[in-house]
S.K.: 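First, the structure itself, so that you have it in front of you.
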Amino acid sequence: MDPLPKEGEPAPAAAGEPSRGTASSSGVVVQVREKKGPLRAAIPYMPFPVAVICLFLNTFVPGLGTFVSAFTVLCGARTDLPDRHMCCVFWLNIAAALIQILTAIVMVGWIMSIFWGMDMVILASKYGEIIVSTPMLLGLS
């Protein structure tokens, strides 16, 4: 049986365990990516004022803001579905709007519509940060 350390003496390190004084702090970098479904990834990156208008429309008339946002795709708005054709993304947004309208009767569509509008505003704020920082990255300002 091992004797217990006396007062004032450090305890010996266990086998395979580094001593506390010499251990280096090595950090582990973990990257988390949100996996988006096709409907969620089809939400377009719009200018901030347009996204706020769509949120307002979705709040009071479920699906209307999503319907309006579908047309921004035809105007060249970027989405998280770069490999899909513009018309396909347009129809995905129309489908999301129809789902919101048809399920608004049982409140599910209304809640989905409000969250959809909030996602539009969040994406628009990220879009604004990208647009503002791009000239700085290119050394134009």
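Heavy-atom basis, side chains included; hydrogens, waters and symmetry copies ignored. We number each residue from 1, following the sequence as shown. It should be emphasised that the depicted structure is a prediction, and the values quoted were computed from it without experimental measurement.
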S.K.: Find out whether Val50 and Thr72 are in side-chain contact, i.e. whether some heavy atom of one side chain is under 4.5 Å from a heavy atom of the other.
M.R.: yes
S.K.: Answer yes if Phe71 and Val73 sit in the same cluster of Ile, Leu, Val, Met, Phe, Trp and Tyr residues linked by side chain heavy atoms under 4.5 Å apart, and no otherwise.
M.R.: yes
S.K.: To check you understand the geometry: which heavy-atom pair defines the closest contact between Val68 and Cys54, and what is its length?
M.R.: CG1-SG, 4.1 Å
S.K.: Determine, using the 4.5 Å side-chain heavy-atom cutoff (strictly less than), whether Leu102 and Leu39 are members of one ILVMFWY cluster.
M.R.: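 No, Leu102 does not connect to Leu39 through the hydrophobic network.
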S.K.: Can you name the nearest heavy-atom pair linking Pro62 to Gly109, along with the distance?
M.R.: CB-O, 4.3 Å
S.K.: Show me the donor-acceptor pairs within less than 3.5 Å that the side chains of residues 85-99 make with the rest of the protein, sequence neighbours left out.
M.R.:
unit_1 : atom_1 : unit_2 : atom_2 : d
His85  : ND1    : Cys87  : N      : 3.2
Asn93  : ND2    : Ala42  : O      : 2.9
Asn93  : ND2    : Val89  : O      : 3.1

S.K.: Counting distance only, does the side-chain N/O of Thr79 pair as donor-acceptor with the main-chain N or O of Ile43 below 3.5 Å?
M.R.: no
S.K.: Tell me whether Ser113 contacts the main-chain N or O of Asn58 through its side chain, where contact means a donor paired with an acceptor under 3.5 Å.
M.R.: yes
S.K.: Grouping I, L, V, M, F, W and Y whenever their side-chain heavy atoms are under 4.5 Å apart, do Met120 and Tyr45 come out in a common cluster?
M.R.: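 Yes, because Met120 and Tyr45 connect within a single hydrophobic cluster, where side-chain heavy atoms sit under 4.5 Å apart.
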S.K.: Could you tell me whether the side chain of Ser69 reaches within less than 4.5 Å of the side chain of Met46, counting heavy atoms only?
M.R.: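 With C-beta onward as the side chain, the pair touches.
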S.K.: Out of curiosity, Leu64 CG to Gln100 CD, how far, rounded to the nearest 0.5 Å?
M.R.: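 One gets 10.0 Å once the value is rounded to the nearest 0.5 Å.
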S.K.: Give the minimum heavy-atom separation between Trp116 and Thr66, together with the two atoms involved.
M.R.: CD1-OG1, 3.4 Å
S.K.: Using a 4.5 Å cut-off between side-chain heavy atoms of Ile, Leu, Val, Met, Phe, Trp and Tyr, which other residues end up in the same hydrophobic cluster as Met118?
M.R.: Phe48, Val52, Leu55, Trp110, Ile111, Ile114, Phe115, Val121
S.K.: Please check if the number of heavy atoms outside Phe56 that lie under 6.0 Å from its CZ is greater than 12.
M.R.: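 Result for CZ/Phe56: open.
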S.K.: Kindly give the heavy-atom pair with the smallest separation between Pro44 and Leu123, and that separation in Å.
M.R.: O-CD1, 4.4 Å
